[in-house]
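What follows is a short report on a single structure.
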Amino acid sequence: MQDLTPMSVSEQIEIRRLDAAEAHAQLDGLAAVLVDCVAGGASVSYLAPFSHEDARRAFEAVAAEVEQGSRLLLAAFADGDLVGTVQVILALPPNQPHRGEIAKLLVHRAARRRGVAQLLMGSAEAEARAEGKTLLVLDTVTGDNAERLYERLGWTRVGVIPGYALYPDGQPCDATVFWKSL
Ligand SMILES: CC(C)(COP(=O)(O)OP(=O)(O)OC[C@H]1O[C@@H](n2cnc3c(N)ncnc32)[C@H](O)[C@@H]1OP(=O)(O)O)[C@@H](O)C(=O)NCCC(=O)NCCS
């Protein structure tokens with residue numbers, strides 16, 4: 001019988017930090033993951049209807065920030081296919097040079113529950129540390145899969161902000177704020 005422990009599956013997943021050129025080269029793959037997450041109802045900044053072109057434009061803006069050095073972009077590949085991504089916002093006010101923000105942790109629905117997000121977060125934290133960051137913060141939809149993930153990965157839960165954002169269908173959702181020292 002095939003061994004499906006998280007470790008054996010994770011070995012097939014490659015996490016890479018993308019520079020601006022690679023981000024442009026991977027625009028379609030990144031956009032496909034974002035479109036799939038929004039179609040699945042994830043509250044990740046966008047409202048329905050949300051097209052592949054909308055998502056490409058969103059990642060073109062991210063690639064521009066990667067070029068400027070104000071944002072880190074990582075991608076997860078399974079057998080060469082881009083299946084997940086996460087960003088770290090590096091550019092924060094001058095009195096917070098040690099702080100970064102995690103944004104847009106996204107895993108395609110077809111690739112979930114294989115440890116891809118856990119691997120992406122491990123790499124994001126390592127890359128942020130390498131950039132001199134010692135504190136990370138993030139917010140996530142309260143009661144969603146991601147909340148359990150962050151707790152499992154040692155993030156500290158600050159609290160819940162009611163009605164923080166909207167789901168793609170326009171319904172309000174609460175957000176939970178987390179932080180982690182690196
Ligand atoms: C939240 C999200 C990123 C998680 O991605 P993921 O790759 O499925 O996450 P992981 O696989 O690391 O962990 C998810 C679950 O799978 C389990 N798992 C991990 N590897 C596994 C394996 N090999 N076999 C079975 N289960 C496994 C984990 O234990 C975890 O279980 P739990 O949810 O019951 O706690 C994904 O659901 C997503 O993209 N959601 C939409 C966007 C979103 O909400 N992003 C967060 C914004 S802050």
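Whatever order the structure lists them in is the order used to number ligands and atoms, beginning at 1.
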Just which atoms of ligand 1 are under 4.0 Å from any heavy atom in [X]?
X: A146; answer: 1 (C), 46 (C)
X: T140; answer: 48 (S)
X: Q118; answer: 12 (O)
X: L106; answer: 39 (O)
X: A42; answer: 41 (C), 42 (C)
X: L149; answer: 12 (O)

Residues joined to L30 in its hydrophobic cluster, side chain to side chain under 4.5 Å directly or through other members, sorted by chain and number, are L18, L27, V33, L34, V35, V38, V44, Y46, F50, F59, V62, V66, L73, F77, L82, L106

Who passes side chain to side chain contact (heavy atoms under 4.5 Å, CB included) against N145, sequence neighbours left out?
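Per chain and number, N145 pairs via side chain to side chain contact (heavy atoms under 4.5 Å, CB included) with R148.
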
Do any nitrogen or oxygen atoms of [X] come within less than 3.5 Å of a nitrogen or oxygen of ligand 1?
X: D139; answer: no
X: A117; answer: yes
X: V44; answer: no
X: L105; answer: yes
X: D144; answer: no

Under a 4.5 Å cut-off applied to non-hydrogen side-chain atoms, are [X] and [Y] in contact?
X: E14; Y: R16; answer: yes
X: Y150; Y: T140; answer: yes
X: Y164; Y: T176; answer: no
X: F178; Y: D139; answer: no
X: T85; Y: K104; answer: no

Mind checking whether [X] contacts ligand 1 via backbone (N, CA, C, O), side chain (CB onward), both or neither, at a 4.0 Å heavy-atom cut-off?
X: R114; value: backbone
X: L119; value: neither
X: Y150; value: side chain

Using the rule given for salt bridge (Lys or Arg N to Asp or Glu O under 4.0 Å), can you reason through E101 versus R99, listing the C-alpha separation, both sets of side-chain angles and the distance that settles it, and then say yes or no?
CA-CA 7 Å; E101 292 182 9; R99 189 167 76 80; 3.1 Å; yes

R157 vs E147, test: salt bridge (Lys or Arg N to Asp or Glu O under 4.0 Å). Steps then yes/no.
CA-CA 9 Å; R157 193 176 192 272; E147 202 175 350; 3.1 Å; yes

Let me see the working for H52 and D28 under side chain to side chain donor-acceptor pair (under 3.5 Å), right down to the final yes or no.
CA-CA 8 Å; H52 187 82; D28 281 322; 2.8 Å; yes

Nearest-option assignment for atom 36 (C) of ligand 1, heavy atoms, candidates R112, E151, R109
R112

Given A111, G115, A175, C37, identify the one with the heavy atom nearest to atom 20 (N) of ligand 1.
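Going through A111, G115, A175, C37 one by one, G115 has the nearest heavy atom to atom 20 (N) of ligand 1.
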
Shared hydrophobic cluster, I102 / I89 (ILVMFWY, side-chain heavy atoms < 4.5 Å)
no

I'd like to know whether ligand 1 has V141 as a neighbour, heavy-atom separation below 4.0 Å.
no

Contact between R152 and ligand 1, counting heavy atoms under 4.0 Å?
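It does; at least one heavy atom falls under 4.0 Å.
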
